[in-house]
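Down below is the structure, laid out as structure tokens.
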Amino acid sequence: GRTAALIPAAGSGTRLGLGPKAFVEVAGRSLLARSVAALAPLVDEVLVALPEGLELPEDLPARAIVGGPTRQESVHRLLRATSAEIVLVHDAARPFLPTNVVHALLEAIPETGAATAALPVADTLVRGEGGRWGGVVPREGLWAVQTPQGFRRELLLRAHQAAHEEGFGATDDAGLVNRLGVPVTLVPGDARLFKVTAPGDLALAHAVAAVWDA
Ligand code: C5P
């Protein structure tokens with residue numbers, strides 16, 4: 001069956017403060033161009049959700065649609081724009097995507113129909129209570145969830161339709177699928193898959209790009 005990469009890139013980039021985030025450049029190349037380039041050789045088609053009024057740069061091997069007011073709505077729209085059997089959902093804001101993570105994900109999807117890249121938590125975790133140390137949350141067994149996340153399209157579409165009808169919002173797609181009672185397989189992600197969110201993340205992105213682009 002066919003595989004599609006779905007890239008939500010319709011965020012406004014408010015926290016970064018440099019305009020629509022997917023178009024922000026790191027070492028001369030946009031976050032979106034980097035994400036598309038990582039996925040295009042590994043899938044049959046790449047679909048991107050863009051902010052209204054913005055166009056896909058012509059040299060990118062992808063098809064664009066207009067995103068929604070939330071990431072979840074952008075992904076829901078992307079899902080309805082493809083008929084691929086397998087979909088890989090990947091944030092444009094995670095521009096450094098190692099090929100081996102995509103291969104591991106594609107291998108894991110058939111198990112339950114859903115898999116995500118994730119990393120075991122390395123820091124000590126603590127609950128904040130009014131700005132004070134409220135007690136340690138044991139980090140054993142805790143994972144930080146990344147993208148890409150991979151699904152049988154029909155399963156993810158069902159999860160989105162259910163969430164939409166029930167007014168349930170989530171920051172990722174695997175959570176919506178797990179809500180249906182379907183197990184999600186955790187695949188080792190990569191520290192380089194961090195999400196560019198705050199201005200400080202750009203310095204890190206430049207450092208990674210210096211090695212990545214070499
Ligand atoms: O805001 P955040 O960094 O968590 O967004 C994650 C991804 O979702 C980004 O690539 C962003 O462009 C995308 N997004 C979207 N539509 C929205 C909001 C965010 O496609 N309405």
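Please read these numbers as outputs of a predicted model, since none were measured by experiment. Start at 1 and go down the list; that is how both ligands and their atoms are numbered. For the numbers below, each heavy atom of this structure counts, side chains included, while hydrogens, waters and symmetry mates do not.
- The CG atom of L79 lies 12.5 Å from the CZ atom of R77; values are rounded to the nearest 0.5 Å.
- At least one donor-acceptor pair closer than 3.5 Å links the side chain of R94 to the backbone N or O of L193.
- Of the charged side-chain nitrogens involved, at least one lies within less than 4.0 Å of a carboxylate oxygen, so that R71 and D173 count as a salt-bridged pair.
- Taking 4.0 Å as the cut-off between side-chain N and carboxylate O, E85 and R152 do not count as a salt-bridged pair.
- Residue G68 holds the heavy atom nearest to atom 21 (N) of ligand 1 of all those in G67, A10, G68, P95.
- Scanning the protein for heavy atoms near atom 7 (C) of ligand 1, the closest one is D91 OD1, 3.4 Å.
- The closest protein non-hydrogen atom to atom 16 (N) of ligand 1 is S74 OG, 2.8 Å.
- A salt bridge is defined here as a Lys NZ or Arg NE, NH1 or NH2 lying under 4.0 Å from an Asp or Glu carboxylate O, and E165 with R158 fails to meet this definition.
- Comparing P8, A22, G13 against atom 13 (C) of ligand 1, the shortest heavy-atom distance belongs to P8.
- Protein heavy atom at the shortest distance from atom 11 (C) of ligand 1 is G11 N, 3.6 Å.
- For ligand 1, the atoms sitting less than 4.0 Å from at least one non-hydrogen atom of A92 are 10 (O), numbered in the order shown with element in parentheses.
- Classification of the H76-H164 ring pair by plane angle, with boundaries at 30° and 60°, yields perpendicular.
- Per-residue contacts place A93 under 4.0 angstrom from the following atoms of ligand 1 (heavy atoms of the residue considered): 10 (O).
- Nearest-residue assignment for atom 1 (O) of ligand 1 (options R15, H90, K195, E73; heavy-atom criterion): R15.
- Interface of K21 with ligand 1, defined as ligand atoms under 4.0 Å from a residue heavy atom, comprises 2 (P), 3 (O).
- The contact set between ligand 1 and P69, taken as ligand atoms under 4.0 Å from a residue heavy atom, comprises 21 (N).
- Under the 4.0 Å criterion applied to side-chain N and carboxylate O atoms, E25 and R34 are not assigned as salt-bridge partners.
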